[in-house]
K.L.:
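Below is a structure I'd like to ask you about.
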Amino acid sequence: MGICPFGLFRLRFDPQSVIIFVSLFYELISNTFMVTADKIRNIAIIAHVDHGKTTLVDAMLQQSGTYRDNEAVVERVMDSMDIERERGITIMAKNTSVRYGDHKINIVDTPGHADFGGEVERVLKMVDGIVLLVDSAEGCLPQTRFVLRKALELKLPCIALVNKIDRQDARPEEVVNEIYDLFIDLGATDEQIEFPILYSISRDGIAKKDLADESKDLRPLFDQVLETIPAPKAVREDALQLLVANIDYNAFVGRLAIGRMFSGTISKNQEVAVSKRDGSIQKTRVKELFVFEGLERVSVESAGVGEIVALAGFDDINIGETITLPDNPTPLPVIAVDEPTISMIFGVNTSPFSGIDGKFVTSRQIKDRLDRELLGNVALRITQTEAAEQFKVSGRGELQLAILIEMMRREGYEVQVSKPEVITQKDETTGETLEPFEQVVIDVPEEFIGVVTEALGRRKGQMTKMINNGSGRVRLEYEIPSRGLIGFRGEFLTETKGTGLLNTIFLRFDKWQGEMKNRSTGSLVADRMGESTTYSLYNLQERGTLFIKPGVKVYEGMIVGENARAVDLDVNAIKEKKLTNMRTTSADEAMRLVPVRDMSLERALEFIADDELIEVTPKAIRLRKRVLKANERPKK
């Protein structure tokens, strides 16, 4: 005999009754998370970087009752990676869900930076509509155009949300006109251009249908989502179709395939088939089935059309593949993303200091890590070079590759990487070499127009538009070869004294623009191994800008500074002052060193020349020459 454990009433059951009661109770709990397709809405929030997407998701979670009243809430909760929180940008697309009345809204938060556009292309397959977020002061920027073009190609309905209307320089009416112009420019259909417009302050959790409204919450936005975004419909009635759009890992159940149900229903322990990219079919069984509730994954017995689910039991599944029925396999089209435009060579660290800081230093370990990155990053390409210890990694931009290097560094890997290079193509009809071009949107104070125009002119940039709103700042739009932007960001910030804003996005492949002038300065290169001294650096600082402080270990071929002249200079960075018995009046004078230039990974990628490499270890970022020995190195 047993006793009911709930304490509300005391009834005596025999053990068999307890088992039946518990199973029924578990089924009841599972079914509370089952939602019919007509009550589901799947949306992606897309915008340019720093326009407030993740902050808006925070407010939606807060107002939908996801958090307990006494729960400690972290800002930008969707930016869960350390590197995302440090940089204040979203790198990986992530999904969550909120409940509004009896409806469930699945939300995908996307990156806003152009380098992570592959994430946006991947997740747009999971949703039925988008919320296009636009800053009320900055207006439509390059990534706004990119993500909207992808959404319009998929014929997704759109809700325009003009955010940050509380800014002092807000101009919401003009921004609405910019959004209409952008839709027309991208060839939107008559149905697509009839989109609703709302205004918001995502930081305060306020949305309005009209600027004069007295709204205090996000209810107008939730209502608009239910009204505008259609409920998911089954693609077919006779099959199971689940498109895998993301891969995750769980320490308890292993690899998780995250995707959206397009047709049929799926259940725990069901036998299914994976339709691979090459057309082959692989049978397996669903070990665990989860749906997203708020920030949690909740285990359920089954899920239907329109639901975004996570499945365990798939050890060899990749993004873009379809989970279907073994007896009636009906694969969906594979997710296609734009080709990469920038490549770098990743290699084994061959410096004299290799193996001191890192745990993973061999080519096999680096190759395994890069292969693992490919599983979840659809915009990357990795190929083996002629040298066994080097790999060519191609991506959308410098930032994407820099983030990958930084993640590997934090995980204990040691690598050396080359200068970024653009990926060229051959024109099939004319045989001409084509190179990638980017659209650049620059926002600067009026007094810096001259220096910016001159700098971009040197890099083969062509101005296409110039807008002066009379606010003291000017917006310039350029078309420029991608290789002209390598190393430009640092120069741009210096020339505009940190007040300029620079945004870029891939435009097209066009004719090769000829030779381009590279860095006009040389490098100060250490000529022997040892520890840098104040005395030596004091005498070197008049030669240029130093990258190292006293007490730093250096080796022959390591770059310790930037030479003011256009030649490389071999220097002795470890020289000590000779001690004598003679006294001089200047002997006790303090040697004052100019502050060094701290070389971050992005700065280093912009700085290095073709004959230089970056050595990346968990504790240090060093610049070095490809050929370390001075007598073997070709002179500039």
Side-chain angles (χ1 to χ4, degrees), residues 47-51 112-115 117 132 134-135 137-150 152-153 171 174-188 338-339 341-342 396-399 422-425 427 432-489 491-493 495-496 499-517:
H48 189 83
V49 64
D50 207 28
H51 279 197
H113 201 286
D115 284 21
L132 180 70
V134 184
D135 189 298
E138 294 182 6
C140 297
L141 288 172
Q143 185 69 358
T144 316
R145 169 182 287 271
F146 171 78
V147 291
L148 182 59
R149 186 178 80 239
K150 294 293 177 186
L152 293 178
E153 285 172 5
R171 46 188 189 92
E174 294 173 40
V175 169
V176 168
N177 291 332
E178 285 182 23
I179 297 172
Y180 276 116
D181 291 343
L182 183 57
F183 268 78
I184 294 166
D185 199 27
L186 293 174
D338 290 348
E339 290 298 310
T341 56
I342 297 279
R396 290 284 181 85
E398 288 173 84
L399 180 63
V422 297
I423 298 171
T424 58
Q425 295 181 353
D427 190 317
E432 291 180 322
T433 301
L434 305 178
E435 66 174 325
F437 271 66
E438 304 208 15
Q439 182 187 21
V440 181
V441 179
I442 289 173
D443 195 304
V444 289
E446 288 177 342
E447 62 264 30
F448 297 120
I449 294 175
V451 292
V452 170
T453 305
E454 193 265 335
L456 285 169
R458 282 198 317 269
R459 294 165 179 266
K460 314 273 188 184
Q462 294 284 328
M463 187 188 292
T464 58
K465 195 184 287 186
M466 178 173 170
I467 303 167
N468 190 338
N469 290 321
S471 60
R473 294 183 73 88
V474 178
R475 179 171 294 185
L476 308 171
E477 292 190 15
Y478 276 82
E479 291 181 6
I480 184 171
S482 295
R483 61 196 166 104
L485 290 173
I486 295 173
F488 176 66
R489 200 172 292 270
E491 179 188 341
F492 171 76
L493 288 173
E495 295 287 4
T496 61
T499 59
L501 298 172
L502 175 71
N503 297 288
T504 64
I505 194 157
F506 172 72
L507 196 60
R508 64 177 182 276
F509 277 88
D510 212 328
K511 288 181 185 176
W512 180 263
Q513 296 294 299
E515 288 302 312
M516 200 173 288
K517 191 178 178 185

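Numbers here simply count residues along the sequence, with the first being 1.
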K.L.:
Which atom names give the shortest non-hydrogen contact between L152 and A188, and what distance separates them?
P.N.:
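In this case the closest contact between L152 and A188 is CD1-CB, 4.1 Å.
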K.L.:
Within the 4.5 Å heavy-atom criterion, are E491 and R459 side-chain neighbours or not?
P.N.:
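Yes - at least one pair of side-chain heavy atoms lies under 4.5 Å apart.
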K.L.:
What pair of heavy atoms forms the shortest contact from G500 to L493, and how long is it?
P.N.:
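That closest heavy-atom pairing would be O-CD2, 4.1 Å.
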K.L.:
Heavy atoms, side chains only, cut-off 4.5 Å: are T504 and Y478 in contact?
P.N.:
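No, side chains not in contact.
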K.L.:
When rounded to the nearest 0.5 angstrom, what is the spacing between CG in L148 and NZ in K150?
P.N.:
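If we round to the nearest 0.5 Å, L148:CG and K150:NZ are 12.0 Å apart.
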K.L.:
Surrounding CD of E447 (heavy atoms of other residues, nucleotides or ligands, distance under 6.0 Å), is the total greater than 12?
P.N.:
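More than 12 within 6.0 Å, yes.
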K.L.:
Could you give the distance from NZ (K460) to CH2 (W512), rounded to the nearest 0.5 Å?
P.N.:
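Here the rounded value is 10.5 Å.
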K.L.:
When you compare the side chain of R483 with that of Q513, does any pair of heavy atoms fall below 4.5 Å?
P.N.:
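A side-chain contact exists here, since the closest heavy-atom pair is under 4.5 Å.
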K.L.:
What are the two closest non-hydrogen atoms of E432 and K511, and how far apart are they?
P.N.:
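Taking every non-hydrogen atom into account, OE1-CE, 3.3 Å.
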K.L.:
I want to check something: taking the side chain as every heavy atom from C-beta on, are V134 and L132 in contact at a cut-off of under 4.5 Å?
P.N.:
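Contact flag for V134/L132 side chains = yes.
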K.L.:
CG/L507 to OG/S482 distance, rounded to the nearest 0.5 angstrom?
P.N.:
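Reported to 0.5 Å precision, the distance equals 9.5 Å.
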K.L.:
What's the shortest heavy-atom distance between E398 and L485, and which atoms?
P.N.:
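For E398 and L485, the tightest heavy-atom pair comes out as OE2-O, 3.9 Å.
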K.L.:
I want to check something: taking the side chain as every heavy atom from C-beta on, are E477 and Q439 in contact at a cut-off of under 4.5 Å?
P.N.:
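Yes, side chains in contact.
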K.L.:
Compare all side-chain heavy atoms of F492 with those of I442 and state whether any distance is below 4.5 angstrom.
P.N.:
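Yes - at least one pair of side-chain heavy atoms lies under 4.5 Å apart.
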K.L.:
How many angstroms lie between atom CZ of R475 and atom CG of N468, to the nearest 0.5 angstrom?
P.N.:
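Going from CZ on R475 over to CG on N468, the span is 12.0 Å.
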K.L.:
Go through it in stages, so that I can follow the logic: the residues are L434 and T424, the test is side-chain contact (heavy atoms from CB on, under 4.5 Å), and I'd like the CA-CA distance, side-chain angles, deciding distance and then a yes or no.
P.N.:
CA-CA 6 Å; L434 305 178; T424 58; over 6 Å; no
K.L.:
Show your reasoning for whether side-chain contact (heavy atoms from CB on, under 4.5 Å) applies to M466 and V474.
P.N.:
CA-CA 7 Å; M466 178 173 170; V474 178; 3.9 Å; yes
K.L.:
When rounded to the nearest 0.5 angstrom, what distance separates CG in L182 from CZ in R149?
P.N.:
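It comes to 10.5 Å.
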K.L.:
Below 4.5 Å, heavy atoms only, C-beta onward: do R145 and L186 meet side chain to side chain?
P.N.:
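They are in contact (side-chain heavy atoms under 4.5 Å apart), so the answer is yes.
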K.L.:
Is a salt bridge present between E438 and R508, judged by a nitrogen-to-oxygen distance below 4.0 Å?
P.N.:
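Judged by the 4.0 Å cut-off on N to carboxylate O distance, E438 and R508 do not form a salt bridge.
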K.L.:
Starting at CZ of R171, measure out to CG of N177 and round the result to the nearest 0.5 Å.
P.N.:
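Interatomic distance, R171 CZ to N177 CG, rounded to 0.5 Å: 10.0 Å.
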K.L.:
Could you report the tightest heavy-atom contact between E479 and F437, atom names first, then the distance?
P.N.:
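That would be C-CD2, 4.4 Å.
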K.L.:
If you look at every heavy atom in F509 and I423, which pair is closest and at what distance?
P.N.:
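Closest pair (atom of F509, atom of I423, distance): CE2-O, 3.3 Å.
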K.L.:
Do F488 and V440 touch side chain to side chain, with heavy atoms closer than 4.5 Å?
P.N.:
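A side-chain contact is absent here, since even the closest heavy-atom pair is not under 4.5 Å.
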K.L.:
Please report the C-alpha distance between R396 and I342 in whole Å, then the side-chain angles of each, then the deciding distance to 0.1 Å, and finally whether the side-chain contact (heavy atoms from CB on, under 4.5 Å) criterion is met.
P.N.:
CA-CA 6 Å; R396 290 284 181 85; I342 297 279; over 6 Å; no
